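Take a look at the structure below.
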Number of protein chains: 2
Amino acid sequence: MRLTTKGRFAVTAMLDLALRQAGGPVTLAGISERQHISLSYLEQLFGKLRRRELVDSVRGPGGGYCLARPASEITVAAIICAVDEPLDATQCGGKENCLDDKRCMTHDLWASLNRTIYDYLSGITLARLVEEQHEKQRRKTECVLIDQRHKELTGAAPTL
Amino acid sequence: MRLTTKGRFAVTAMLDLALRQAGGPVTLAGISERQHISLSYLEQLFGKLRRRELVDSVRGPGGGYCLARPASEITVAAIICAVDEPLDATQCGGKENCLDDKRCMTHDLWASLNRTIYDYLSGITLARLVEEQHEKQRRKTECVLIDQRHKELTGAAPTL
DNA sequence: TTTTAGTTGACTAAAACAGTAGGTTATTGA
DNA sequence: TCAATAACCTACTGTTTTAGTCAACTAAAA
């Protein structure tokens, strides 16, 4: 499993989508604006995400993309694998033809590393990321409320 | 932390070095031949490894490279970080200037992912890889001996 | 039928990857 | 002292990936 910025873009975009899909299909133009990812690049990424059936598309006005499955069934690993297509892992592609009297030391190392990363990312769903995001939002709101209350008590006019 | 084949080359080369350094400095030419990595590419990689003080060099005939520290104190993470220089992690480089009213969702995700991978690779030392390699060798030798013994018992001439 | 928005393909600049070429310096040992 | 060895260094090459642009097209809604 390769780890580059491409995967991060895809995850960021999917998270944005997950956070907003309650209000119907989400347009790439919107994601592009909010997350500062070029529209055309998003088009490429979502082409792959659609082919891997992680998202569904709706054309025409009011259209956009929705998650093809519940957010709880979409993992970060799946997203990264979808866009980072050649998940080259051990050079010899799992086969042990990297031999030459030594049979490719580090083969086991990379296979194992790959597994660890994949397992970790397979355990993280979009649903969980959404929840964390909401949690963060909640904490922020709380601070604002406490701040307002404090100002009321100390006689200052509450800020709009 | 980025994960590409470059890091794998470096780890493979360092493992080769660790396995042979008992017999004095190891030449890049030797590593190049055994591991099928181009000599000039190795020179680039070892330039970085030397600057990060993971290896020491000895010039002149009989020279080569040695580990700068005991193999038990050199981790795979250190090797990868040494050659994959820009260990760009969260785009915003750890700072939270990726804000824009949302403060870069996925920031936490990537920081956390990065940590997981780094921690995993920090737990793997060259010494452990060397040990695993020896273990593998031992098993292979065992098989050969058993095979010879079997042939002796069944009357076949032992193979040279 | 015009607007919206996805779909596709070709193309591009810049960076990273992997390797090449050609030189220099330091050390050894003949 | 001189030749061989091997590290060291710089610049250059070709390929792939990254990130993005552009233009044409299709489906659906208003």
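Numbered from 1 within each chain, the chains take letters A, B, ... in sequence-line order. Nothing here was measured: the structure is a model prediction, and the numbers come from that model.
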Exercise for the section: Can you run down the salt bridge (Lys or Arg N to Asp or Glu O under 4.0 Å) pairs that involve residues 114-125 of chain B, sequence neighbours left out, and say none if there aren't any? Expected result: Arg115(B)-Asp119(B)
Exercise for the section: For each nucleotide in nucleotides 20-30 of chain D, reading 5' to 3', give B when a protein heavy atom comes within less than 4.0 Å of its base, S when such contact involves only the sugar-phosphate, and - otherwise. Expected result: BBB---BSBS-
Exercise for the section: Rounded off to whole Å, could you give me the CG-to-C1' distance for the Leu3(A) and dT18(D) pair? Expected result: 15 Å
Problem - Met14(B) reachable from Tyr120(B) in the ILVMFWY side-chain graph, under 4.5 Å edges - result: yes
Exercise for the section: Between Gly47(A) and Gly63(A), name the one whose nearest nucleotide on DNA chain C is closer to the 5' end. Expected result: Gly63(A)
Practice task
Indicate, with a heavy-atom threshold strictly under 4.0 Å, whether Phe46(B) touches base, sugar-phosphate, or nothing.
Solution key: nothing
Exercise for the section: Whole angstrom is fine here: how far is it from CG in Leu45(B) over to C1' in dA7(D)? Expected result: 15 Å
Problem - d(CZ, Arg8(B); C1', dA18(C)) in whole Å - result: 13 Å
Exercise for the section: Report yes if some heavy atom in the side chain of Ile124(A) is under 4.5 Å from a heavy atom in the side chain of Glu132(A); otherwise report no. Expected result: no
Exercise for the section: Please determine if a side-chain N or O atom of Thr5(A) lies less than 4.0 Å away from the OP1 or OP2 oxygen of dA19(D). Expected result: yes
Completion exercise
In Watson-Crick or G-U wobble terms, with both distances under 3.5 Å, the base opposite dA19(D) is dT12(C)
Handout entry: Between P of dT20(C) and CG of Leu42(B), the distance in whole Å
Key = 11 Å
Handout entry: Side chain of Leu28(B) (C-beta onward), nearest among dT18(D), dA7(D), dT8(C)
Key = dA7(D)
Exercise for the section: Check every atom of dG6(C), dT18(D), dA6(D) against the side chain of Lys6(A) and return the nucleotide holding the closest atom. Expected result: dT18(D)
Practice task
Would you kindly give the CG-to-P distance between Asp56(A) and dG6(C), to the nearest whole Å?
Solution key: 13 Å
Practice task
Return the value, rounded to whole Å, for the distance between atom CD of Glu33(B) and atom P of dA6(D).
Solution key: 12 Å
Practice task
For Asp84(B) and dA15(C), give me the distance from atom CG to atom C1', rounded to whole Å.
Solution key: 14 Å
Problem - Residue-phosphate contact under 4.0 Å: Arg50(B) side-chain N/O, dA7(D) OP1/OP2 - result: no
Practice task
Kindly say if Thr4(A) contacts the phosphate of dT18(D), meaning a side-chain N or O under 4.0 Å from OP1 or OP2.
Solution key: yes
Problem - Pairwise side-chain contact, Lys6(A) with Leu45(A), heavy-atom cut-off 4.5 Å (strictly under) - result: yes
Practice task
Output the distance between atom CZ (Arg69(A)) and atom CG (Asp56(A)), rounded to the nearest 0.5 Å.
Solution key: 10.0 Å
Exercise for the section: With sequence neighbours left out, write down each residue that passes ring pair (Phe, Tyr, Trp, His ring centres under 6.0 Å) with Tyr41(B), or none if nothing qualifies. Expected result: Phe9(B)
Exercise for the section: Salt-bridge test for Glu135(A) and Arg138(A): reply yes if a basic N is under 4.0 Å from a carboxylate O, no otherwise. Expected result: yes
